[in-house]
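For ligands, and for the atoms within them, numbers begin at 1 and follow the listed sequence. We use all heavy atoms of the structure for the numbers below, so side chains are in, but hydrogens, waters and symmetry mates are not.
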Amino acid sequence: MANRIPIVIGNWKLNPTTVAEAKTLFLAVKRGLKKGIQAEVVVSPPFPFIPDLSRLSAAVVLAAQDVFYEESGAFTGEVSPAMLLGFGVTYVIVGHSERRALGESDDQVERKVQVLLRRKMTPVVCIGERERDERGDYFGFVEKQLRSVCKGLTAKQVSQVVIAYEPVWAIGTGKSATVDDVKEMQLFIVSLLTKLYDRATAGRVRIIYGGSVKAENAADLHQVGGMNGFLVGGASLKAEDFLKIIGSVIVR
Ligand code: PGA
């Protein structure tokens with residue numbers, strides 16, 4: 001597990017409204033990056049802003065918020081991996097709960113992961129339970145999602161994937177999971193990956209946390225939670241807050 005570079009991804013979702021605002025936010029993040037930061041910094045804007053932002057910085061890596069699993073053809077409204085690669089996009093968020101809520105299935109998530117890996121892009125696959133129950137059924141829910149992602153993947157392929165544990169009840173609610181919840185889930189995911197593959201492979205997969213990460217709770221979540229970084233929604237829309245979160249992440 002040691003020495004893996006943590007990753008902090010800002011998921012802008014359906015924000016901001018104009019390309020001018022997107023550039024301002026992006027440049028504020030780029031300019032605020034201090035020397036010696038220990039995280040890979042990734043920003044995931046809406047599709048239309050990607051071309052402009054791709055010209056602004058190599059220090060901040062670009063991600064897309066979704067992708068389609070076919071490369072071309074009669075698929076109105078879709079965007080292919082090759083189109084994104086053309087603008088230097090190397091990370092793609094897949095299976096975010098907000099997309100699953102619109103009907104995206106485990107099967108579609110699996111196909112998207114496969115096509116991205118074929119293109120040597122990095123899928124950031126979101127998994128997480130909708131609610132916490134006292135019996136611990138949420139572990140079964142997360143297990144089912146993770147098994148589905150891993151189904152068609154070799155050990156080498158799964159090592160290229162970033163797993164984002166995002167409990168749905170913590171997203172955008174201001175109510176983050178506790179550091180103990182995060183640590184417990186990190187151990188659960190590692191042990192499941194060890195069962196499905198082996199210890200070395202499980203140790204290579206980057207596992208990050210998302211769900212109401214803020215400047216105030218990031219350091220604790222990172223240090224105690226044991227994850228390799230964060231997927232940040234709301235707080236990534238304020239450069240100052242996002243930079244504080246980036247600053248709280250260190251290589252272990
Ligand atoms: P949040 O969103 O930080 O606003 O809770 C996280 C996410 O949806 O990726």
Side-chain angles (χ1 to χ4, degrees), residues 6-17 21-22 25-26 28-29 39-47 49-50 60-67 89-104 108-109 112-113 116 122-132 138 141-142 145-146 149 161-179 181-182 185-186 189 206-222 225 227-249:
I7 179 169
V8 179
I9 306 173
N11 177 11
W12 289 2
K13 308 191 181 185
L14 192 59
N15 304 288
T17 307
E21 290 169 295
L25 176 57
F26 189 85
V29 172
E40 186 172 2
V41 179
V42 182
V43 159
S44 188
F47 287 134
F49 303 148
I50 287 176
V60 179
V61 176
L62 282 175
Q65 297 175 18
D66 190 24
V67 73
V89 172
T90 47
Y91 286 90
V92 180
I93 299 171
V94 178
H96 191 282
S97 59
E98 288 154 13
R99 298 215 56 81
R100 292 183 192 259
L102 293 173
E104 184 156 297
Q108 287 169 320
V109 170
K112 290 178 181 189
V113 170
L116 288 169
T122 304
V124 178
V125 187
C126 301
I127 57 175
E129 76 281 3
R130 271 185 232 113
E131 53 193 38
R132 287 230 153 185
Y138 56 92
F141 189 88
V142 170
Q145 286 183 326
L146 188 56
V149 173
V161 174
V162 176
I163 303 288
Y165 169 59
E166 292 210 306
V168 180
W169 50 268
I171 295 177
T173 58
K175 195 170 155 260
S176 145
T178 66
V179 290
D181 294 339
V182 173
M185 193 52 82
Q186 185 254 346
I189 293 171
R206 282 187 289 180
I207 307 166
I208 63 176
Y209 169 76
S212 297
V213 177
K214 295 180 277 250
E216 300 78 43
N217 61 12
D220 267 2
L221 283 171
H222 180 66
M227 300 252 177
N228 290 109
F230 297 119
L231 181 54
V232 186
S236 71
L237 296 172
K238 278 200 193 142
E240 197 189 328
D241 291 356
F242 190 50
L243 289 162
K244 277 194 196 139
I245 293 169
I246 293 164
S248 64
V249 168

Exercise answer, ligand 1 polar atom pairs (N/O) under 3.5 angstrom:
residue  : atom  : partner : partner atom : Å
ligand 1 : 2 (O) : Lys13   : NZ           : 3.3
ligand 1 : 3 (O) : Gly233  : N            : 2.8
ligand 1 : 4 (O) : Gly234  : N            : 2.8
ligand 1 : 5 (O) : Gly172  : N            : 2.7
ligand 1 : 5 (O) : Ser212  : N            : 2.7
ligand 1 : 8 (O) : Lys13   : NZ           : 2.7
ligand 1 : 8 (O) : His96   : NE2          : 2.7
ligand 1 : 9 (O) : His96   : NE2          : 3.3
ligand 1 : 9 (O) : Glu166  : OE1          : 3.3
ligand 1 : 9 (O) : Glu166  : OE2          : 2.7

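- Not a single salt bridge (Lys or Arg N to Asp or Glu O under 4.0 Å) links Arg130 to another residue, sequence neighbours left out.
- Using cut-offs of 30° and 60° on the angle between ring planes, the pair His222 and Phe230 is perpendicular.
- Counting heavy atoms from C-beta on, the side chains of Asp66 and Val92 never come closer than 4.5 Å.
- Pairs engaging residues 229-243 under the salt bridge (Lys or Arg N to Asp or Glu O under 4.0 Å) rule: Glu240-Lys244 [sequence neighbours left out].
- Scored by the side-chain hydrogen bond (donor to acceptor under 3.5 Å, both in side chains) test, Arg206 finds Glu40, Tyr91 as partners (sequence neighbours excluded).
- Taking a 6.0 Å sphere around CG of Leu102, one finds it holds more than 12 heavy atoms contributed by other residues, nucleotides or ligands.
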